[in-house]
There are 2 protein chains.
Amino acid sequence: MAIKNKTKYAILGVLCLKPCSGYDIKKFCDKTISHYWSENFGHIYPVLKQLQEEHFIQPSEDKASAKRNVFQITDEGKREFVEWLMLPPEIQSPRSELMLKLSFGNYIAIEHVIAMLGEVKDRNIRNLAYYRELEGSYLTNDAAKKDPAFPYWLAPLRHGILTSEVNIRWCEETVQNIKQYAPSNLEEDAYV
Amino acid sequence: MAIKNKTKYAILGVLCLKPCSGYDIKKFCDKTISHYWSENFGHIYPVLKQLQEEHFIQPSEDKASAKRNVFQITDEGKREFVEWLMLPPEIQSPRSELMLKLSFGNYIAIEHVIAMLGEVKDRNIRNLAYYRELEGSYLTNDAAKKDPAFPYWLAPLRHGILTSEVNIRWCEETVQNIKQYAPSNLEEDAYV
DNA sequence: AAATACATGTAACGGGTTACATGATTTT
DNA sequence: AAAATCATGTAACCCGTTACATGTATTT
């Protein structure tokens with residue numbers, strides 16, 4: 001059977017870096033890997049409990065506060081995680097709502113489609129700016145560069161940069177194509 | 001509440017093109033839009049029933065076989081579909097297993113990571129070849145070009161082409177970065 | 001005659017999201 | 001004192017996948 005429950009492995013991965021509470025894990029996901037991975041509390045806490053039962057994680061001693069529930073990964077947990085790492089990543093069946101909508105674009109007014117593509121482009125421009133800033137701070141940090149993990153943290157970031165760039169170009173190209181091949185009501189506006 | 005059940009709208013979209021049975025819809029998804037949308041029987045048939053109850057679709061007269069259950073979209077169904085089309089596409093929370101695994105690449109042997117990226121690259125090369133072929137047959141078909149839907153069918157295809165290309169480049173770049181910044185055991189092999 | 005493709009559906013499962021509930025701690 | 005943040009957890013829901021069951025029509 002195919003491996004599901006990727007939350008399990010995401011949590012094990014984060015705990016490989018440092019002991020964390022559920023809250024910490026969520027914060028880490030939101031801050032550091034949010035451009036390619038997301039988690040939510042409703043899933044983290046139950047999985048944390050399950051991982052503890054499987055002895056892949058255990059309560060950590062160094063709790064900052066009595067209320068905090070800090071976990072650390074066990075040797076078994078590390079083994080489990082690395083084993084998963086080496087499996088080929090599952091090819092997920094694609095479901096792009098944008099592409100689906102776009103392919104039926106001739107059912108709505110051309111201005112709508114163009115506006116939609118404009119929003120997509122803007123979002124990608126914002127993302128790109130953010131990625132570029134991150135990349136800059138990475139590349140000028142000599143300590144980070146010496147970390148053996150450096151190229152592995154750089155890779156998803158570079159992917160974000162390259163795909164953002166290509167998405168922007170695609171938006172522009174697509175607007176042009178739409179105007180050229182399906183002029184409809186836009187042409188008239190040009191004379192106003 | 002956010003709109004879920006996108007299968008509903010995918011089905012309405014396909015039925016806008018022509019009356020279909022559940023089987024036809026599945027076939028259409030697999031053959032025509034599989035690079036950005038997927039459906040499966042276990043979801044299609046129940047949703048088909050639900051759509052009928054909502055009067056968005058109705059049984060079609062022209063059944064080829066007694067066994068086939070062909071549906072056509074109603075005016076209400078068309079309205080429902082177009083209304084959805086005009087809503088901004090939901091931004092889906094990203095979950096790239098490849099990126100997650102890659103960001104922990106320093107936990108496994110470098111050869112493993114390089115092999116993994118090689119497979120990803122190969123898959124993208126295969127996809128690109130397929131997309132390019134499709135694009136060629138599109139661009140040389142004058143009848144298709146005159147269809148007002150032409151740029152809307154072209155757009156997802158172009159997106160596939162551009163992202164495949166960029167993925168290939170990213171794989172190559174990433175392998176280089178890994179070799180440069182995390183040489184480890186590969187260097188030795190170079191002398192063998 | 002056997003194998004493949006056509007065709008429709010149900011049941012169980014599970015993964016992930018959202019909303020809800022609750023309270024402590026820190027900052028303004 | 002109030003607001004914001006920290007922090008943990010549960011319950012309900014629903015979407016989508018997988019596996020199962022069943023039978024017909026067509027091709028080899």
Side-chain angles (χ1 to χ4, degrees), chain A residues 1-12 14 19-31 33-34 36-54 57 59-60 62-71 84 90-97 100, chain B residues 1-12 14 19-31 33-34 36-54 57 59-60 62-71 84 90-97 100:
Chain A
M1 203 196 290
I3 283 168
K4 294 287 172 63
N5 201 348
K6 293 165 191 170
T7 293
K8 172 179 167 180
Y9 298 101
I11 290 177
L12 287 178
V14 176
C20 282
S21 67
Y23 196 84
D24 293 336
I25 292 168
K26 170 79 167 113
K27 242 191 348 193
F28 179 86
C29 291
D30 288 349
K31 272 185 65 181
I33 58 176
S34 63
Y36 56 90
W37 199 263
S38 63
E39 287 294 347
N40 51 279
F41 289 128
H43 215 194
I44 288 174
Y45 286 114
V47 172
L48 231 29
K49 189 190 264 180
Q50 177 209 319
L51 282 171
Q52 206 179 350
E53 282 162 10
E54 293 175 302
I57 63 173
S60 169
D62 51 320
K63 304 185 178 187
S65 148
K67 251 285 177 178
R68 277 163 59 77
N69 237 338
V70 180
F71 294 97
W84 173 76
E90 260 181 58
I91 34 117
Q92 50 227 30
S93 40
R95 280 207 138 193
S96 166
E97 190 182 333
L100 184 64
Chain B
M1 200 197 292
I3 283 168
K4 295 286 173 61
N5 202 346
K6 292 164 191 172
T7 294
K8 173 180 166 178
Y9 298 102
I11 290 177
L12 286 178
V14 176
C20 281
S21 67
Y23 196 85
D24 294 337
I25 291 168
K26 171 79 166 115
K27 242 190 348 191
F28 180 86
C29 292
D30 289 349
K31 272 185 65 180
I33 59 176
S34 64
Y36 57 90
W37 200 262
S38 62
E39 288 295 347
N40 51 278
F41 289 128
H43 215 196
I44 288 173
Y45 286 114
V47 172
L48 231 29
K49 191 190 263 181
Q50 177 208 321
L51 283 171
Q52 206 180 350
E53 281 161 12
E54 293 174 302
I57 64 173
S60 168
D62 51 320
K63 306 185 180 188
S65 148
K67 253 282 175 179
R68 278 164 58 78
N69 236 339
V70 180
F71 294 98
W84 174 77
E90 260 180 59
I91 34 119
Q92 50 228 31
S93 39
R95 282 207 137 194
S96 166
E97 190 181 333
L100 184 66

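Proteins come first, then strands; the chains are lettered A, B, ... in the order of their sequence lines, and each starts at number 1. Heavy atoms only: backbone and side chains are in, while hydrogens, waters and symmetry mates are out.
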Evaluate the side-chain contact (heavy atoms from CB on, under 4.5 Å) criterion for residues B:K8 and B:E54: first the C-alpha distance (whole Å), next the side-chain angles of each, then the deciding distance (0.1 Å), finally the verdict.
CA-CA 11 Å; B:K8 173 180 166 178; B:E54 293 174 302; 3.9 Å; yes
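- The listed nucleotides are D:dT10, D:dC15, C:dT8; the one nearest the side chain of B:N5 is D:dC15.
- In terms of phosphate contacts, B:K49 brings a side-chain nitrogen or oxygen within less than 4.0 Å of OP1 or OP2 of C:dT10.
- Using a 4.0 Å cut-off, no side-chain N or O of A:R68 falls inside it from OP1 or OP2 of D:dC6.
- With rounding to whole Å, A:D24 atom CG is found 10 Å from D:dC6 atom P.
- Rounded to whole Å, atom P of C:dA7 lies 6 Å from atom NZ of B:K27.
- Distance A:K6 NZ to C:dG14 P: 16 Å, rounded to the nearest Å.
- We find that CG of B:L48 is positioned 14 Å from P of C:dA7, with the value rounded to whole Å.
- Summarising the geometry, the separation between CH2 on B:W37 and C1' on D:dC15 is reported as 11 Å, rounded to the nearest angstrom.
- Rounding to the nearest 0.5 angstrom, the gap separating the OH atom in B:Y45 from the CD1 atom in B:I25 is 8.5 Å.
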Tabulate protein N/O versus nucleotide N/O from nucleotides 11-13 of chain D, keeping only pairs under 3.5 Å, one per line.
none

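- Here the C1' atom of nucleotide C:dC6 and the CG atom of B:D30 are 14 Å apart, to the nearest Å.
- Set against D:dT10, D:dG16, C:dG9, the side chain of A:R95 has D:dG16 as its closest nucleotide.
- Atom NZ of B:K27 sits about 7.5 Å away from atom OG of B:S21, to the nearest 0.5 Å.
- Between B:S21 and B:S93, the residue whose closest nucleotide on DNA chain C is further toward the 5' end is B:S21.
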Chi angles and distances behind the side-chain contact (heavy atoms from CB on, under 4.5 Å) call for A:V14, A:K26
CA-CA 10 Å; A:V14 176; A:K26 170 79 167 113; over 6 Å; no
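- For the OP1/OP2 pair of C:dT8 and a distance below 4.0 Å, the side-chain nitrogens and oxygens of B:Y23 include no atom meeting the criterion.
- Counting to the nearest Å, the P atom of D:dC14 and the CD atom of B:Q50 are 11 Å from each other.
- Interatomic distance, OG of B:S93 versus OH of A:Y36, reported as 15.0 Å (0.5 Å rounding).
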For A:E39 and A:I11, run side-chain contact (heavy atoms from CB on, under 4.5 Å): C-alpha distance rounded to whole Å, both residues' side-chain angles, the deciding distance at 0.1 Å, then the answer.
CA-CA 9 Å; A:E39 287 294 347; A:I11 290 177; 5.7 Å; no
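- At a threshold of 4.5 Å between non-hydrogen side-chain atoms, the residues A:K6 and A:E90 count as touching.
- Here the nucleotide nearest the side chain of A:T7, chosen from C:dG16, D:dA7, C:dA7, is C:dG16.
- Remark: P of D:dC6 and CD1 of A:I44 are 15 Å apart, rounded to the nearest angstrom.
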